[in-house]
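Numbers here simply count residues along the sequence, with the first being 1.
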Amino acid sequence: MRRGALLLVCALLAACATSSAEPASPHWRSLFNGRDLDGWSAKFTHHPLGENYNDTFRAEHGVLVVSYDRWTMLEGQFGHLFYRQPFGHFRLRLQYRFVGAQAAGAPGWALRNNGVMILAQPPETMGLDQDFPDSVEVQLLGGDGVHPRTTANMCSPGTSIFMDGERRTQHCINSTAPAPAPGEWASIEVEVDHGRVIRHIVDGRTVMEYSAPLLDEDKPWSPTRELTGGYIALQAESHPTEFRNIEVMELPY
């Protein structure tokens with residue numbers, strides 16, 4: 001082989017090696033395969049991790065469903081469906097809608113009320129009778145046909161956040177996004193940078209921004225109160241809900 005050709009081959013091989021060493025560009029990937037709940041684990045109040053009580057969470061026709069058709073009475077048994085891996089710097093997007101009637105025995109505040117938990121505690125650390133994981137909740141609401149409501153709100157089970165220059169300890173803070181009409185699909189996106197900043201985005205518009213989520217005191221499962229990473233979980237809070245196009249984009253650290 002001539003020297004010039006040899007140098008060209010060497011250069012091409014070096015370029016390929018350099019290219020393969022470069023990190024892949026961030027991209028969206030689905031967390032739900034549309035067929036089953038592979039990669040997800042359920043945790044219901046009063047029930048052990050892994051028991052999908054009354055077959056509440058299901059995959060039906062390519063949609064992840066929260067169904068109460070096998071319940072007779074709610075009795076405070078709230079559920080959460082955890083994805084298998086934690087995330088720290090990421091974007092999450094999904095669509096949701098409320099369908100059918102609320103479960104019998106459910107509290108009035110839970111009408112067309114569900115959520116997606118971010119930066120949640122590991123599911124195996126939840127107590128048997130614990131209602132909600134320590135986390136930040138992106139609250140998903142639907143219109144009740146009577147009162148104005150917002151969606152993509154922030155709720156803070158076991159946590160607090162920093163917003164508008166102060167530590168905010170109230171349980172829920174409303175966004176500026178109107179809730180969808182009954183039966184209407186809504187699209188929600190969340191951007192999380194290790195807790196340094198968290199944004200709720202609806203229709204391409206940031207409707208809420210805050211930072212520095214902090215665990216309440218006396219949380220034995222965590223060595224630190226700062227929430228810089230955690231799990232994603234979908235709620236079952238008493239109203240039948242459908243989720244689709246559940247996707248995550250992991251961002252560079």
Side-chain angles (χ1 to χ4, degrees), residues 26 28 30-32 64 66 80 83 87-99 109-120 132-214 227-237 239 241-251:
W28 291 104
S30 179
L31 300 185
F32 171 57
L64 201 160
V66 178
H80 295 83
Y83 190 66
F87 298 92
H89 191 195
F90 65 97
R91 297 175 75 175
L92 171 71
R93 65 185 182 187
L94 56 80
Q95 293 178 303
Y96 77 94
R97 70 173 177 178
F98 294 99
V99 294
W109 54 260
L111 177 70
R112 297 193 186 94
N113 183 344
N114 217 331
V116 54
M117 325 304 277
I118 56 174
L119 304 178
F132 307 100
D134 298 328
S135 58
V136 176
E137 176 189 349
V138 182
Q139 187 188 47
L140 308 177
L141 296 183
D144 63 5
V146 179
H147 307 97
R149 301 181 98 187
T150 57
T151 192
N153 305 318
M154 188 289 308
C155 295
S156 52
T159 60
S160 64
I161 59 150
F162 194 80
M163 184 178 183
D164 297 330
E166 61 179 333
R167 176 64 49 185
R168 306 286 290 272
T169 58
Q170 61 263 53
H171 179 55
C172 291
I173 301 173
N174 288 346
S175 79
T176 59
E184 179 180 297
W185 285 101
S187 299
I188 302 292
E189 186 172 325
V190 187
E191 182 177 345
V192 181
D193 182 1
H194 302 291
R196 290 189 287 261
V197 64
I198 301 172
R199 297 185 180 94
H200 298 188
I201 302 164
V202 178
D203 296 328
R205 182 173 65 92
T206 298
V207 298
M208 175 168 283
E209 183 173 318
Y210 51 94
S211 63
L214 193 68
L227 280 179
T228 59
Y231 289 79
I232 292 169
L234 304 177
Q235 278 193 319
E237 205 167 38
H239 205 117
T241 311
E242 295 180 347
F243 295 96
R244 68 183 185 187
N245 299 326
I246 308 166
E247 297 178 311
V248 71
M249 177 189 291
E250 295 185 80
L251 301 173

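Taking both residues in full, the closest heavy atoms of Ala152 and Val138 are given as CA-CG1, 4.2 Å, listed atom of the first, atom of the second, then distance. Contact detail for Trp28 and Glu247: the closest heavy-atom pair is CZ3-O, 3.6 Å. In terms of heavy atoms, Ala236 sits closest to Val66 at CB-CG1, 3.6 Å. Between Val202 and Ala177, the closest heavy-atom pair is CG2-CB, 3.9 Å. Across every non-hydrogen atom of Val248 and Leu31, the tightest pair is CG1-CD2, 3.4 Å. The minimum heavy-atom distance between Gly115 and Glu137, with the atom names listed, is CA-OE2, 3.7 Å.
Between Leu141 atom CG and Cys172 atom SG the span is 8.5 Å, to the nearest 0.5 Å. Separation of atoms CE (Met154) and OG1 (Thr159) is listed at 7.0 Å; rounding is to 0.5 Å. Note: Thr206 OG1 to Glu189 CD = 9.0 Å, rounded to the nearest 0.5 Å. To the nearest 0.5 angstrom, Glu191 atom CD is 5.0 Å from Arg199 atom CZ. Taking CG of Leu140 as the reference point, atom NE2 of His200 lies at 9.5 Å (rounded to 0.5 Å). With rounding to the nearest 0.5 Å, the separation of CD in Gln139 from CG in Asn174 is 7.0 Å.
His80 places no side-chain N or O within 3.5 Å of a backbone atom of Ala233 that could act as its donor or acceptor partner. Side chain of Thr151 to main chain of Pro178: no donor-acceptor pair is present (N/O by atom type, distance under 3.5 Å, no hydrogens or angles). Between the side chain of Thr228 and the main chain of Gly195, no donor-acceptor pair closer than 3.5 Å is present. Without hydrogens or angle criteria, Asn114 side chain to Gln235 main chain gives a donor-acceptor distance under 3.5 Å. Under the 3.5 Å distance criterion, the side-chain polar atoms of Ser30 are matched with a main-chain donor or acceptor of Phe32. Using modelled atom types, no side-chain atom of Arg196 and backbone atom of Ser211 make a donor-acceptor pair closer than 3.5 Å.
At a threshold of 4.5 Å between non-hydrogen side-chain atoms, the residues Arg91 and Leu251 count as touching. In this structure, the side chains of Ile198 and Ile118 come closer than 4.5 Å at one or more pairs of heavy atoms. The closest side-chain heavy-atom distance from Trp109 to Glu237 is below 4.5 Å. Proximity of Asn153 to Ile173: side-chain heavy atoms (C-beta onward) are nowhere separated by under 4.5 Å. In this structure, the side chains of Ile246 and Ile232 stay at 4.5 Å or more apart for every pair of heavy atoms. A heavy-atom distance below 4.5 Å is not found between the side chains of Pro133 and Pro157. Counting heavy atoms from C-beta outward, Pro182 and Arg112 have side chains that approach closer than 4.5 Å.
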N/O donor to acceptor pairs below 3.5 angstrom from side-chain atoms of residues 160-167, sequence neighbours left out:
residue: Ser160; atom: OG; partner: Arg167; partner atom: NH1; Å: 3.3
residue: Arg167; atom: NH1; partner: Ser160; partner atom: O; Å: 3.3
residue: Arg167; atom: NH1; partner: Ala212; partner atom: O; Å: 2.8
residue: Arg167; atom: NH2; partner: Ala212; partner atom: O; Å: 3.2

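A side-chain hydrogen bond (donor to acceptor under 3.5 Å, both in side chains) with Ser187 holds for exactly one of Arg244, Gln95, Arg93; it is Gln95.
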side-chain contact (heavy atoms from CB on, under 4.5 Å) assessment of Glu250 paired with Phe87: CA-CA 8 Å; Glu250 295 185 80; Phe87 298 92; 3.8 Å; yes

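Note on ring orientation: taking the six-membered ring where Trp is involved, the planes of Tyr96 and Phe243 are tilted (angle from 30° to 60°). Ring orientation note: the planes of His239 and Phe98 are nearly perpendicular, at an angle over 60° on the 30°/60° scale.
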